[in-house]
Amino acid sequence: MADVERYDAVVIGAGTGGYPAGIRLGQLGVKALVVEKQYAGGVCLNVGCIPSKALIHAAKMFDKSKHLDEIGIKGLGSPQIDMEAMQKWKGTVVGKLTGGVKTLLKANKTAYLEGTATFLAPNRLEIKKADGTTTTVETKSVVVATGSVPIQIPGFTFDGKRVLDSTGALALTSLPKRMVVIGGGYIGLELGTVYAKLGTKVTVVEALPSLLTGVDPDCVKVVAQKLKKLGVEVVLEAKAKSWEDKGDRAVVTIET
Ligand SMILES: Cc1cc2nc3c(=O)[nH]c(=O)nc-3n(C[C@H](O)[C@H](O)[C@H](O)COP(=O)(O)OP(=O)(O)OC[C@H]3O[C@@H](n4cnc5c(N)ncnc54)[C@H](O)[C@@H]3O)c2cc1C
């Protein structure tokens with residue numbers, strides 16, 4: 001039988017839930033291991049908060065640069081979008097932060113292992129690494145911080161080309177002429193705003209009677225006004241039912 005490694009605590013998942021738990025365990029002197037199957041930093045650092053804020057920043061700069069002459073800054077020429085360069089820059093922003101996760105864990109004496117953790121028993125885990133080898137770990141406690149995955153709504157299977165999840169929408173290397181964002185929550189509105197500022201004609205379809213459900217209505221009003229100013233069309237109380245490939249475009253059917 002292969003050697004068994006022993007820890008006081010194992011954290012499964014190195015997202016914003018898992019890696020701070022790993023750091024804190026290390027600070028408290030607990031012998032801990034963080035296991036991560038895909039990317040240190042999880043969704044937030046790799047395909048969520050950080051890349052979305054990087055693109056929001058870039059889109060904002062582009063939008064502002066179009067109006068510089070209004071405040072007396074002239075002679076800079078007309079700004080243009082290079083999506084590939086923007087994605088490359090976004091990658092460097094993400095890279096700086098994700099690199100820091102492993103450094104922080106190490107600095108706090110918490111071990112880090114890349115692999116997929118599976119429970120063999122309540123206190124025994126098997127960790128399968130990318131090269132196919134496995135490590136067995138025994139532990140007193142486990143923190144399950146495995147996060148979530150995007151849901152696929154019926155009729156809209158992600159294909160990475162026409163129907164994208166948020167990860168796909170953050171990685172576009174060319175600018176679409178039109179975009180339908182299904183869901184007027186903060187992720188949909190962040191991404192919709194980015195592309196609207198870069199020049200895409202964006203339509204947001206939201207099933208509920210308001211954008212940003214659960215958010216203070218006064219704040220929602222401000223966001224809705226801003227979207228209108230950017231030319232974003234918002235369709236409330238509408239469900240996206242299906243879509244059709246028309247060659248050079250997709251046609252989305254909604255039910256109001
Ligand atoms: C576009 C976008 C923008 C966002 N913006 C913001 C924002 O501005 N502010 C904010 O607060 N939140 C934001 N979020 C939400 C934020 O990303 C999540 O709330 C956060 O990532 C959740 O962290 P988590 O650690 O719970 O899960 P995750 O980040 O999903 O991490 C879980 C980790 O567990 C790993 N894992 C899963 N199963 C196993 C296994 N069996 N073995 C080993 N590892 C495993 C996964 O690979 C993953 O890395 C945004 C999300 C998106 C998509």
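Computation of the quantities below employed the complete heavy-atom set of this structure, encompassing side-chain atoms and omitting hydrogens, waters and symmetry-equivalent molecules. Nothing fancy with the numbering, it's 1 onward along the sequence. For ligands, and for the atoms within them, numbers begin at 1 and follow the listed sequence.
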> Could Glu138 and Arg6 be called an ion pair, given the rule that one side-chain N must be under 4.0 Å from one carboxylate O?
Replying inline: yes
>> Please list, in number order, the atoms of ligand 1 under 4.0 Å from a heavy atom of Ser148.
In response: 30 (O)
> Side chains of Tyr195 and Leu172: closer than 4.5 Å at any heavy-atom pair?
Replying inline: yes
>> I need the atoms of ligand 1 closer than 4.0 Å to a non-hydrogen atom of Val35, numbered in the order shown.
In response: 43 (C), 44 (N)
> Does Tyr186 come within less than 4.0 angstrom of ligand 1, counting non-hydrogen atoms of the residue?
Replying inline: yes
> In the protein, which heavy atom is nearest to atom 27 (O) of ligand 1, and how far is it?
Replying inline: Gly147 CA, 3.2 Å
> Can you list the ligand 1 atoms lying under 4.0 Å from a non-hydrogen atom of Thr116?
Replying inline: 41 (N), 42 (N)
> Do Glu36 and ligand 1 have an N or O pair less than 3.5 Å apart?
Replying inline: yes
>> Glu114 and salt bridge (Lys or Arg N to Asp or Glu O under 4.0 Å): which single residue from Lys129, Lys102, Lys37 fits?
In response: Lys102
> Which residue, Val142, Leu33, Leu125, Thr110, forms the side chain to side chain contact (heavy atoms under 4.5 Å, CB included) with Tyr7?
Replying inline: Leu33
> Do any nitrogen or oxygen atoms of Val43 lie less than 3.5 angstrom from nitrogen or oxygen atoms of ligand 1?
Replying inline: yes
>> Given Ala21, Gly13, Gly17, identify the one with the heavy atom nearest to atom 24 (P) of ligand 1.
In response: Gly17
> To the nearest 0.1 Å, how far is atom 41 (N) of ligand 1 from its closest protein heavy atom, and which atom is that?
Replying inline: Ala117 O, 3.0 Å
>> Using every non-hydrogen atom in the two residues, find where Ala40 and Asn46 come nearest and quote the distance to one decimal.
In response: O-ND2, 2.9 Å
> Of the protein's non-hydrogen atoms, which lies at the shortest distance from atom 32 (C) of ligand 1, and what is that distance?
Replying inline: Ala145 O, 3.3 Å
> Can you list the atoms of ligand 1 that are under 4.0 Å from a heavy atom of Tyr39?
Replying inline: 49 (O)
> To which protein heavy atom is atom 40 (C) of ligand 1 closest, and what is the distance rounded to 0.1 Å?
Replying inline: Ile12 CG2, 3.6 Å
>> So if I count the atoms of ligand 1 from 1 in the order they appear, which ones are less than 4.0 Å from some heavy atom of Ser52?
In response: 3 (C)
> For ligand 1, does Pro51 get within less than 4.0 Å through its side chain, its backbone, both, or neither, judged by non-hydrogen atoms?
Replying inline: neither
> Which part of Ile187 is near ligand 1, with near meaning a heavy atom under 4.0 Å away: side chain, backbone, both or neither?
Replying inline: side chain
>> Evaluate Lys53 for polar contact with ligand 1, using N/O atom pairs at a separation under 3.5 Å.
In response: yes
>> Distance alone, cut at 3.5 Å: any donor-acceptor contact between the side chains of Thr157 and Gln152?
In response: no
> In the protein, which heavy atom is nearest to atom 31 (O) of ligand 1, and how far is it?
Replying inline: Gly15 CA, 3.5 Å
> Between Lys140 and Asp8, is there a salt bridge with N-O shorter than 4.0 Å?
Replying inline: yes
> So, are Glu244 and Lys246 salt-bridged, with charged N and O less than 4.0 Å apart?
Replying inline: yes
>> Pairing donors with acceptors under 3.5 angstrom, does anything connect the side chains of Gln225 and Lys228?
In response: no
> Looking at atom 38 (N) of ligand 1, what's its closest protein heavy atom, distance included?
Replying inline: Thr146 CG2, 3.3 Å
>> If we count only non-hydrogen protein atoms and require a distance under 4.0 Å, does atom 29 (O) of ligand 1 qualify as touching the protein?
In response: yes
>> If hydrophobic clusters are built by linking Ile, Leu, Val, Met, Phe, Trp and Tyr wherever their side-chain heavy atoms come under 4.5 Å apart, do Ile187 and Leu211 end up in the same one?
In response: yes
> Counting heavy atoms only, which of Gly48, Cys44, Gly115 is nearest atom 17 (O) of ligand 1?
Replying inline: Cys44
> So which protein heavy atom does atom 45 (C) of ligand 1 come closest to, and at what separation?
Replying inline: Lys37 CG, 3.6 Å
>> I need the Lys239 NZ to Thr253 OG1 distance, nearest 0.5 Å.
In response: 15.0 Å
> What are the atoms of ligand 1, with element, lying closer than 4.0 Å to any heavy atom of Ser166?
Replying inline: 53 (C)
> Hey, does Thr16 come in under 3.5 Å of ligand 1, counting only N/O atoms on both sides?
Replying inline: yes
> Between Ser52 and Glu190, does a side chain to side chain donor-acceptor pair (under 3.5 Å) hold up when you go through it step by step?
Replying inline: CA-CA 7 Å; Ser52 74; Glu190 279 192 357; 2.9 Å; yes
>> Quick one, Met86 with Asp82, criterion side-chain contact (heavy atoms from CB on, under 4.5 Å). Give me CA distance, side-chain angles, the key distance, then yes/no.
In response: CA-CA 6 Å; Met86 198 181 283; Asp82 180 341; over 6 Å; no
> Which is it for Cys49 and ligand 1 at heavy atoms under 4.0 Å: side chain, backbone, both or neither?
Replying inline: both
>> The test is side-chain contact (heavy atoms from CB on, under 4.5 Å); show your working for Val232 and Thr203 and say whether it passes.
In response: CA-CA 6 Å; Val232 175; Thr203 303; over 6 Å; no
